[in-house]
Amino acid sequence: MNEVESLFWVAHYEATIDRKICIPDLIPQFEVKGGDWLDKVIYRLDFFSPAKKCAIEVDGLAYHNGMRSFVADRHRQRALEMEGIRVLRFAAVEVTNNAQYCYEYAAQWAENV
């Protein structure tokens with residue numbers, strides 16, 4: 001887990017302790033198979049809720065810049081959706097600036113999927 005993902009995870013932990021809205025079964029760095037029928041690959045999700053079958057991704061510029069990574073992200077997104085996994089994305093700067101808000105937003109989103 002990188003530094004920004006750790007901020008999100010701490011916000012999850014604090015919300016759980018404070019009994020605020022939370023995603024009780026959230027798992028960091030969860031591996032899932034995805035892809036089309038010809039090309040199944042393992043994807044590592046930043047955070048995953050098995051009960052809700054939803055993922056939360058924190059996208060930093062270091063890995064999400066340029067056409068190649070843009071296209072790869074779209075391919076990955078489609079592969080996950082083919083597996084029935086909904087994905088919510090945050091820019092790393094959003095989490096850095098206000099991890100608690102991002103986590104609470106994600107928890108509300110997960111409650112509604």
Side-chain angles (χ1 to χ4, degrees):
M1 193 178 322
N2 67 33
E3 185 179 331
V4 180
E5 293 165 355
S6 293
L7 291 172
F8 189 87
W9 186 247
V10 168
H12 160 71
Y13 177 77
E14 290 172 351
T16 302
I17 290 199
D18 292 343
R19 301 191 191 282
K20 291 181 183 177
I21 184 169
C22 69
I23 308 168
D25 65 337
L26 196 63
I27 302 168
Q29 303 301 303
F30 188 84
E31 291 185 349
V32 64
K33 253 187 195 177
D36 58 34
W37 59 93
L38 295 174
D39 185 27
K40 291 283 187 186
V41 296
I42 301 292
Y43 293 111
R44 179 169 294 163
L45 305 172
D46 294 339
F47 302 96
F48 183 67
S49 167
K52 294 292 190 169
K53 210 165 182 189
C54 65
I56 300 160
E57 295 284 285
V58 179
D59 298 334
L61 285 177
Y63 295 102
H64 299 276
N65 62 3
M67 184 56 72
R68 186 176 189 162
S69 63
F70 181 82
V71 171
D73 279 347
R74 295 325 172 265
H75 178 79
R76 182 177 187 270
Q77 180 88 19
R78 289 190 306 271
L80 293 171
E81 289 178 5
M82 286 290 286
E83 299 299 321
I85 297 172
R86 305 263 319 257
V87 181
L88 177 66
R89 293 182 173 278
F90 290 101
V93 69
E94 292 178 283
V95 175
T96 300
N97 289 341
N98 196 339
Q100 180 182 359
Y101 170 82
C102 292
Y103 177 75
E104 289 177 9
Y105 185 97
Q108 284 186 319
W109 172 80
E111 193 172 282
N112 292 308
V113 293

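Side-chain contact check for Glu104 versus Gln100: some heavy-atom pair is nearer than 4.5 Å. Using a 4.5 Å heavy-atom cutoff, the side chains of Glu57 and Gln77 are not in contact. Residues His75 and Val71 fail the side-chain proximity criterion, which asks for heavy atoms closer than 4.5 Å. Looking only at side-chain heavy atoms (C-beta outward), Lys52 and Arg86 stay at 4.5 Å or farther from each other. The side-chain heavy atoms of Glu14 and Tyr103, taken from C-beta on, include no pair separated by under 4.5 Å. Within the 4.5 Å cutoff, the side chain of Cys54 has no heavy atoms near those of the Leu88 side chain.
Between Leu7 and Ala99 the shortest heavy-atom distance is O-CB, 3.6 Å. Closest non-hydrogen pair, Gly60 versus Ala92, comes out as CA-CB, 3.7 Å. Ala15 and Ile21 make their closest contact through CB-O, 3.8 Å (heavy atoms, listed as atom of the first residue, atom of the second, distance). Across every non-hydrogen atom of Ala55 and Leu45, the tightest pair is CB-CD1, 3.9 Å. In terms of heavy atoms, Asp73 sits closest to Arg89 at O-NH2, 4.1 Å. Scanning all heavy atoms of the two residues, the minimum distance from Ile56 to Asp46 falls at O-CB, 3.3 Å.
In this structure, Lys53 contributes its side chain and Glu83 its backbone to a donor-acceptor pair below 3.5 Å.
Atom CD of Glu3 has 12 or fewer neighbouring heavy atoms from other residues, nucleotides or ligands inside a 6.0 Å radius. Heavy-atom contacts from other residues, nucleotides or ligands closer than 6.0 Å to CZ of Arg68 number 12 or fewer.
Placement of Phe48 and Val95 in two distinct hydrophobic clusters is found when ILVMFWY residues are connected by side-chain heavy-atom separations under 4.5 Å, directly or transitively. No continuous path of hydrophobic side-chain contacts links Phe8 to Tyr13 [ILVMFWY only; heavy atoms under 4.5 Å]. Transitive grouping of hydrophobic side chains (ILVMFWY, heavy atoms separated by less than 4.5 Å) keeps Val32 and Met1 in distinct clusters. If you chain together hydrophobic residues whose side chains sit under 4.5 Å apart, Val10 and Val4 never meet in one group. Ile42 and Ile27 are not part of a single hydrophobic cluster, where members link through side-chain heavy atoms under 4.5 Å apart.
Aromatic ring orientation, Trp9 versus Phe47: parallel (interplanar angle below 30°, classes split at 30° and 60°). The aromatic rings of Tyr105 and Phe90 sit perpendicular, their planes meeting at an angle over 60°, well past the 30° parallel limit.
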Problem set entry | Check against side chain to side chain contact (heavy atoms under 4.5 Å, CB included), Tyr43 and Lys33 | CA-CA 6 Å; Tyr43 293 111; Lys33 253 187 195 177; over 6 Å; no
